[in-house]
Amino acid sequence: MSALIEVKNLKKYFSTPDGALHAVDDVSFGIEKTHTLGVVGESGCGKSTLGRTIIHLLDSTSGQILLDGEDITDVKGKKLHRLHERMQIVFQDPYSSLNPRMTIEDIIKEPLKHSGRFSKAELGEKVEALMEQCGIEQRLCLSYPHELDGGRRQRVGIARALALDPDFIVCDEPVSALDVSIQAQILNLLMDLQEQEGLTLMFITHDLSVVRHISNHIAVMYLGQMVEKGPAEALFQKQLHPYTKALLSAVPSIDIHNPSKRIVLKGELTSPINPKPGCRFAKRCLYACDKCKQDQELTELEPDHFVSCCRAAELSE
């Protein structure tokens with residue numbers, strides 16, 4: 001199956017008084033059509049910046065972004081407007097991402113009106129269909145965001161993202177602000193919509209139990225770089241990077257006979273501002289050696305399972 005999204009050596013730097021902050025640094029991957037890539041990592045690792053750069057909410061510093069084989073890295077003007085119809089985002093906070101002065105009906109209708117593709121009668125029909133598809137009661141169409149609970153607000157955000165029939169949606173921690181029971185409802189809704197509409201998703205989260213439930217492939221990020229990526233089940237069965245091992249050790253286990261052993265990371269965080277060459281995880285890694293002072297590259301250690309660690313082959317034996 002061909003990739004809908006391809007990212008090649010993507011970089012996004014921010015200027016600071018002390019130098020360039022490497023938020024996303026030389027990241028490459030692809031997402032196949034109708035598949036979900038889960039992106040995980042600690043807060044500040046650059047996963048949200050990566051998603052926003054791909055859909056052009058942020059301009060990239062360098063690198064290449066391909067949509068269905070077409071280079072969209074530097075699109076501007078009308079082309080960018082049309083591109084945003086194909087690439088959408090569901091934000092983390094369903095309250096701050098919705099206009100508090102607009103009704104639910106108007107929020108969902110707004111992208112439809114801006115597209116100029118629908119008549120007044122079609123607008124009403126489309127909004128009604130989107131609300132039904134996303135499980136929003138019709139009686140709420142004249143309500144305001146503050147009158148809804150978090151789960152319903154996130155359903156509105158999803159309906160707005162779906163309005164123009166996109167091919168690709170970035171889900172930027174869409175369930176982290178919700179109760180656990182509501183999280184499951186929203187995850188199941190996203191999976192149902194993906195199957196119905198043939199959507200390709202990039203699911204950003206820090207919750208590994210969530211990402212296993214929804215993802216085909218998982219990419220692990222650390223301080224702007226991708227340190228491991230592979231099929232979801234393969235990565236959960238065998239972690240190749242020490243950082244991924246530490247992340248998964250924090251997931252609670254229900255197996256009382258074989259409880260997971262928590263790996264507590266110690267040491268100083270490497271600064272993302274003008275970082276020195278070498279592995280950025282080395283200062284916190286239990287297995288760091290002199291080779292870690294050199295830049296690490298993603299290497300395919302097992303079929304479709306890549307890792308950026310000079311000692312990965314040795315540690316996986």
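FYI, side chains are in, hydrogens and waters are out, and symmetry mates aren't considered; it's all heavy atoms of this structure.
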Between Asp59 and Lys12, is the closest basic N to carboxylate O distance under 4.0 Å? no
I'd like to know whether CD of Gln196 has more than 12 heavy-atom contacts from other residues, nucleotides or ligands below 6.0 angstrom. yes
Between Glu314 and Arg311, does any side-chain N to carboxylate O distance fall below 4.0 Å? yes
Mind checking salt bridge (Lys or Arg N to Asp or Glu O under 4.0 Å) for Asp165 and listing every partner two or more places apart, or none if nothing turns up? Lys126
Are Lys33 and Asp68 within salt-bridge range, i.e. N to O under 4.0 Å? yes
Side-chain heavy-atom pair Pro277, Gln294 within 4.5 angstrom cut-off: no
Have a look at His305 and tell me which of Glu228, Lys238, Lys229, Gln239 forms a side chain to side chain donor-acceptor pair (under 3.5 Å) with it. Glu228
Will you find, in the side chains of Asp71 and Thr73, an N or O donor that is under 3.5 Å from an N or O acceptor? yes
Hey, are the side chains of Cys289 and Cys310 touching, using non-hydrogen atoms and a 4.5 Å cut-off? yes
Short side-chain donor-acceptor distance under 3.5 Å, Tyr222 and Arg284: yes
Look at the side chain of Asn216 and the backbone N and O of His35, then say whether any donor-acceptor pair between them is shorter than 3.5 Å. no
Closest approach of Leu199 to Pro166 (non-hydrogen atoms, all atoms of both residues): CD2-O, 3.3 Å
Could you check if a side-chain atom of Lys47 sits within less than 4.5 angstrom of a side-chain atom of Thr205, using non-hydrogen atoms only? no
Which hydrophobic side chains are connected to Phe14, either touching it within the sub-4.5 Å cutoff or through other members that do? Leu21, Leu58, Ile273
Using the test salt bridge (Lys or Arg N to Asp or Glu O under 4.0 Å), find all partners of Arg152 that sit at least two apart in sequence or belong to another chain. Glu137, Asp149
Test side chain to side chain contact (heavy atoms under 4.5 Å, CB included) on Phe306 and Glu297; report intermediate values, then the result. CA-CA 9 Å; Phe306 297 79; Glu297 293 185 1; over 6 Å; no
Any donor and acceptor pair, going by atom type alone, linking the side chain of His84 with main-chain N or O of Ile55 inside 3.5 Å? yes
Kindly indicate whether the side chain of Phe203, heavy atoms from C-beta on, has any atom under 4.5 Å from the side chain of Val39. no
Hey, is the main chain of Ala184 close enough, under 3.5 Å, to the side chain of Asn188 for a donor-acceptor pair? yes
If you look at every heavy atom in Gln88 and Ala161, which pair is closest and at what distance? CG-O, 3.2 Å
Between Arg117 and Glu122, does any NZ, NE, NH1 or NH2 come within less than 4.0 Å of an OD or OE carboxylate oxygen? no
Taking the side chain as C-beta and beyond, is there a heavy-atom pair between Ile169 and Ile89 under 4.5 Å? no
Distance-only, no hydrogens or angles: does the Ser28 side chain make a donor-acceptor pair with backbone N or O of Asn9 under 3.5 Å? yes
Parallel, tilted or perpendicular: ring planes of Tyr144 versus His146, cut at 30 and 60 degrees: parallel
Thr36 side chain to Ser215 backbone, donor-acceptor under 3.5 Å: no
Report yes or no: do Glu173 and His206 form a side-chain donor-acceptor pair below 3.5 Å? yes
Examine distances only and state if a side-chain atom of His56 and a backbone atom of Ile72 form a donor-acceptor pair shorter than 3.5 Å. yes
Looking at side-chain heavy atoms only, is the closest gap between Val220 and Met226 below 4.5 Å? no
Heavy-atom pair with the smallest gap, counting every atom of Ile263 and Ser249: N-OG, 2.9 Å
Report yes or no: is the cationic atom of Arg153 (NZ for Lys, CZ for Arg) under 6.0 Å from the centre of the six-membered ring of Tyr95, at an angle within 45° of the ring normal? no
Could you check whether any side-chain N or O of Gln296 sits under 3.5 Å from a backbone N or O of Lys291, counting only pairs where one atom can act as donor and the other as acceptor? yes
Any Met87 side-chain heavy atom under 4.5 Å of Ile54 side chain: yes
Between CD1 on residue Ile214 and CD on residue Gln194, distance to nearest 0.5 Å: 6.5 Å
Main chain of Pro174, side chain of Gln154: is a donor-acceptor contact present, judged purely on distance under 3.5 Å? yes
Using 0.5 Å steps for rounding, measure from the CD atom of Glu70 to the CD atom of Glu6. 12.5 Å
Do the non-hydrogen side-chain atoms of Met131 and Arg155 ever get within less than 4.5 Å of each other? no
Tell me whether the rings of Tyr13 and His22 are parallel (<30°), tilted (30 to 60°) or perpendicular (>60°). parallel
Test Asp26 against Leu10 for side chain to side chain contact (heavy atoms under 4.5 Å, CB included), laying out the working first. CA-CA 5 Å; Asp26 203 24; Leu10 188 66; over 6 Å; no
